[in-house]
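First listed ligand is number 1; within each ligand, the first listed atom is number 1. Because only heavy atoms are used, hydrogens play no part in the values below, and waters and symmetry mates are left out as well, while side chains stay in. Heads up: numbering here begins at 1 and tracks the sequence.
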Amino acid sequence: MTGKVLVVEDEQKLAELLRDYLRQAGFDPFCLAHGGEVVPWVRERMPDLILLDLMLPGRDGLEICKDIRTFSSVPIIMVTARIEEIDRLLGLELGADDYICKPYSPREVVARVKAVLRRTGGGQTLHSSGLVLDEPCLQATLNGHDLELTAVEFKLLQFLVANPGRIYGRQQLMDRIYPDQRIVSDRTIDSHIKKLRRKIEEVSPGADIIHSVYGVGYKFEAVQPDE
Ligand code: CA
């Protein structure tokens, strides 16, 4: 099994130990020690799994987990130093995929990482605002309804959804969608976006999730669940 695993742990010795074990098991581990660094890192580098310590300097694991779940379904394993904390965490429905209690054996952690990745299919499904984008099947559903997207529309939507709130110009989107540098007019993107919006509108009238930014390009804006 392979994959980029982000280890968020402020005890340096422990972080190094985990890093070594994960590397030996074939993973590509990265370590962060400060809570404030995690969300920007995840947005930028999108790991395949996150081991997230609960007590961290800067920002605690609870807030980080909630924040990540607003834009990504990357598998998260929460790590806590107190066994009695796990019940409380479960009750909070943070969207973490598993919980591990300290002290643990690094071997056990590696086994859990593998189990979670197997169960979640390596995090290749994106969830946001009622949208589920299943990459292996190229299937997109919104609130349970199939959007029946073409492969190009799927890729376009997937890219925007994976980078919520960021504005992309037509050229940037074309580079993503047509990496073989096929010559296409930049109006092609507009036409794909138009079709995407129409399909979204058909399934969920008023679901305004792809926004045009006049003169610049497009962005995806996650819809917050009703308060
Ligand atoms: Ca800690």
Side-chain angles (χ1 to χ4, degrees), residues 1-129 132 161-166 222 224-225 227:
M1 211 173 238
T2 57
K4 195 154 68 175
V5 176
L6 175 62
V7 177
V8 185
E9 173 57 69
D10 57 316
E11 288 169 55
Q12 200 193 337
K13 285 230 168 73
L14 200 50
E16 284 169 6
L17 188 67
L18 279 179
R19 187 192 60 202
D20 294 346
Y21 269 81
L22 286 164
R23 201 169 274 157
Q24 264 176 28
F27 293 101
D28 196 7
F30 293 80
C31 298
L32 291 178
H34 194 276
E37 300 171 318
V38 181
V39 171
W41 197 97
V42 172
R43 280 189 188 277
E44 192 67 32
R45 314 273 298 268
M46 205 40 93
D48 296 294
L49 184 139
I50 305 171
L51 277 165
L52 181 58
D53 189 28
L54 189 64
M55 300 290 281
L56 292 164
R59 201 166 180 214
D60 75 44
L62 291 180
E63 266 185 60
I64 295 169
C65 184
K66 274 194 252 177
D67 200 348
I68 290 172
R69 278 293 172 263
T70 64
F71 65 91
S72 169
S73 64
V74 56
I76 298 175
I77 301 178
M78 296 282 288
V79 180
T80 167
R82 289 165 51 206
I83 187 97
E84 62 274 19
E85 184 76 21
I86 290 181
D87 274 342
R88 191 175 78 85
L89 292 175
L90 283 170
L92 291 174
E93 295 182 0
L94 295 165
D97 296 87
D98 201 0
Y99 298 88
I100 296 180
C101 193
K102 286 179 184 174
Y104 48 63
S105 80
R107 234 181 274 279
E108 183 204 342
V109 176
V110 171
R112 296 277 200 107
V113 166
K114 287 182 179 172
V116 168
L117 281 174
R118 259 197 300 273
R119 205 170 68 215
T120 56
Q124 289 163 319
T125 304
L126 266 175
H127 294 258
S128 184
S129 305
V132 178
V161 171
N163 300 280
R166 287 208 200 163
Q224 297 301 320
E227 303 296 320

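Across all non-hydrogen atoms, the minimal contact from Met46 to Ala162 is CE-O, 4.5 Å.
Coordination check, Asp10 versus the Ca ion (ligand 1): passed, since an N/O/S atom of the residue sits under 3.0 Å. Residue side and main chain included, Glu9 places no N/O/S atom under 3.0 Å of the Ca ion (ligand 1).
Taking the Ca ion (ligand 1) as the corner point, the angle from Met55 atom O to Asp53 atom OD2 is about 80° (rounded to 10 degrees).
Under a 4.0 Å N-O distance rule, the pair Asp10/Arg59 does not qualify as a salt bridge.
Counting only distance, with no hydrogens or angles, the side chain of Arg45 and the backbone of Pro40 share no donor-acceptor pair below 3.5 Å.
Taking OG1 of Thr80 as the start and OH of Tyr104 as the end, the distance is 11.0 Å to the nearest 0.5 Å.
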